[in-house]
Structure formats: structure tokens, C-alpha cells
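First up is the structure itself, then whatever we jot down about it.
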Amino acid sequence: MRIVILGAPGSGKGTQATILSERYNIPHISTGDLLRAAVKAKTELGLKAKSVMDAGELVSDELVLGMLRERLQADDVAGGFILDGFPRNLVQAEALDALLAEMEQPVDEAVQIEIDPEVIVGRLAKRAEEEGRSDDTEETVRNRIRVYEEQTAPVVGFYGDQEKLSQVFGVGTVEEVNARIVGVLADR
Ligand code: ADP
């Protein structure tokens, strides 16, 4: 199963992708996690990405695509994957489509977790206290939400046009939201 999880920052994409990865036994590929690992390891990519991430802007398509292309070549991807944090704009969505077509492994379903931006600000303020992510400050969070609305929201329509879109309500417990996602995936 090849799934894309869509949703605003703080919508719970990462949490849900981790649970789905265990349930379906397929890797969870998070471009945010891959980038944070590169920042931590101080690789060339990480050094380029850090200031962009801290400002809540998008890292360049070229860098992120190169990183993802490499990750999708690993052996563990043969049985499918859950993509979290990618695609984040229409250029990335088109590029992913082309890459997966080449691999003969198209996306099966995109699941959007829907949530109100004000709920997000509260959630991320809490995460900032717990995890100390450097891009969870209130100002950066607001910018990330704006970037999401301007650049990532159109990706929802991209999968809608392909009739590969499911939407689930993102408020509730982790288990409740997970059950909704599992439900829509079972219906496909
Ligand atoms: P969130 O969804 O909560 O914003 P992520 O971990 O997905 O968190 O992303 C954190 C940051 O990493 C983004 O704000 C952005 O700077 C960078 N990033 C992650 N994925 C991408 C991507 N596909 N394209 C460009 N930048 C990305």
C-alpha cells in the first residue's frame, strides 16, 4: 500500500503515519524527520536546510526531491510506504507522480487530516514545551500554517482530481483519528 498523508503542521500526520506504518508493516517516510536528521548530522544538505526550516519556509524542491528519490530506492520500500510531509506543493506533487510512475508504483491513496488552524497553534505550543523543536515557536508556527495554506493546500485538489483523496476529521484522540483513517483505507 502506497499512502500519502496530508495535513497542516500539527495535524497529527507524523503520529498517525507512525501507527499506520506498524499496522501495515510499511516504512514511514517523513521528509521533516529526514531533514532534521541531516541537520543533526551537519551534512551539506542539513547545513543548507536549517535556517529555512527555522523560519518555517520550505526547503528547496531540488534538495528535498533528491533526498526523497534516494530514500525511495531502499529495499524496504518494495511493499509500499507512508509518505508524511511530502508533497508540500504542486511542483513536488508532479515530481512524485513522475518518479513513482517510473518505478511503476503509483500512490494508492492520499489521506488528508482536517483540522482548524487555532487548534494547531495550541498543540504546537505544547509540543514546543515537550520536545523543544526549534521551529515550534509561535511566530514560526504561524508562518508554517500560512505556507501550508498557500502552497500545500492545493496538493489536496491534485489528489482529488485523480480520485485518490480521502478526508478525515483530525480532532479527537489519537486512536479515534486512527480508526477513521483505517476505515477510509479499508473502503478503497
Ligand atoms: P510540520 O508538518 O509539523 O510542519 P515537518 O516535520 O513535516 O513538520 O516539517 C518541518 C519543516 O521541514 C518544514 O517547515 C520545512 O521547512 C521542512 N520540510 C519538510 N518536508 C518538506 C518538503 N517536502 N519540502 C520542503 N520543505 C520541507
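Just so it is clear, the model here is predicted, and its values are computed rather than measured. Atoms within a ligand are numbered from 1 in the order they appear, just like the ligands themselves.
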Ligand-residue contact atoms, ligand 1 with Arg36, heavy atoms, under 4.0 Å
6 (O), 10 (C)
Atoms in ligand 1 with a heavy atom of Leu35 nearer than 4.0 Å:
12 (O), 17 (C), 18 (N), 19 (C), 27 (C)
Protein residue, atom and distance nearest to atom 8 (O) of ligand 1, heavy-atom basis
Arg133 NH2, 3.2 Å
Looking only at non-hydrogen atoms, the one of Arg144, Arg88, Gln92 nearest atom 9 (O) of ligand 1 is Arg88
Within the 4.5 Å heavy-atom criterion, are Pro87 and Tyr159 side-chain neighbours or not?
yes
Suppose I only count heavy atoms of Lys13 and a 4.0 Å limit; which atoms of ligand 1 are within that range?
2 (O)
Distance-only, no hydrogens or angles: does the Thr152 side chain make a donor-acceptor pair with backbone N or O of Arg88 under 3.5 Å?
yes
Has the side chain of Asn143 got a donor or acceptor atom that lies under 3.5 Å from a matching backbone atom of Ala55?
yes
Polar proximity ligand 1 side, Met53 side, N/O cut 3.5 Å exclusive
no
Judged by atom type as modelled, is there a donor-acceptor pair below 3.5 Å linking the side chain of Arg2 to the main-chain atoms of Pro106?
yes
Determine yes or no for a side-chain-to-main-chain donor-acceptor pair under 3.5 angstrom, with Lys13 supplying the side chain and Ile113 the backbone.
no
Interfacing atoms of ligand 1 (cut-off 4.0 Å, heavy-atom, Arg127)
3 (O)
Ligand 1 atoms in contact with Thr31 (distance to a heavy atom under 4.0 Å):
19 (C), 20 (N), 21 (C), 23 (N)
So with a 6.0 Å cut-off around CD of Glu114, is the heavy-atom count from everything else above 12?
yes
Within the distance-only criterion (no hydrogens, no angle test), does the side chain of Arg123 pair as donor or acceptor with the backbone N or O of Gly10 below 3.5 angstrom?
yes
If only atom types and distance count, is the side chain of Arg127 paired as donor or acceptor with the main-chain N or O of Asp136 below 3.5 Å?
no
Could you tell me whether some N/O pair between Glu57 and ligand 1 is separated by less than 3.5 angstrom?
yes
Quick one: do Asp76 and Arg71 satisfy salt bridge (Lys or Arg N to Asp or Glu O under 4.0 Å)? Show the steps, please.
CA-CA 10 Å; Asp76 66 343; Arg71 179 63 186 86; 2.9 Å; yes
What I want to know is whether Ser30 and ligand 1 share at least one N or O pair that is separated by under 3.5 angstrom.
no
Show me which atoms of ligand 1 lie under 4.0 Å from any heavy atom of Asp135.
10 (C)
Close N or O approach (Asp84, ligand 1; < 3.5 Å)
no
Could you tell me whether Gln151 approaches ligand 1 through its side chain, its backbone, both or neither, with non-hydrogen atoms closer than 4.0 Å?
neither
CD/Glu130: more than 12 non-hydrogen atoms of other groups inside 6.0 Å:
yes
Please determine whether the number of non-hydrogen atoms from other residues, nucleotides or ligands lying under 6.0 Å from atom CD of Glu139 exceeds 12.
no
Looking at ligand 1, does any of its N/O atoms fall within less than 3.5 Å of an N/O of Val59?
yes
Judging by distance only, is a nitrogen or oxygen of Asp33 under 3.5 angstrom from one on ligand 1?
no
Per-atom filter on ligand 1: closer than 4.0 angstrom to a heavy atom of Val64 are 22 (C), 23 (N), 24 (N), 25 (C)
How does Met67 reach ligand 1, if at all, at less than 4.0 Å between non-hydrogen atoms: by side chain, backbone, both, or neither?
neither
Heavy atom under 4.0 Å from ligand 1: found in Val147's side chain, backbone, both, or neither?
neither
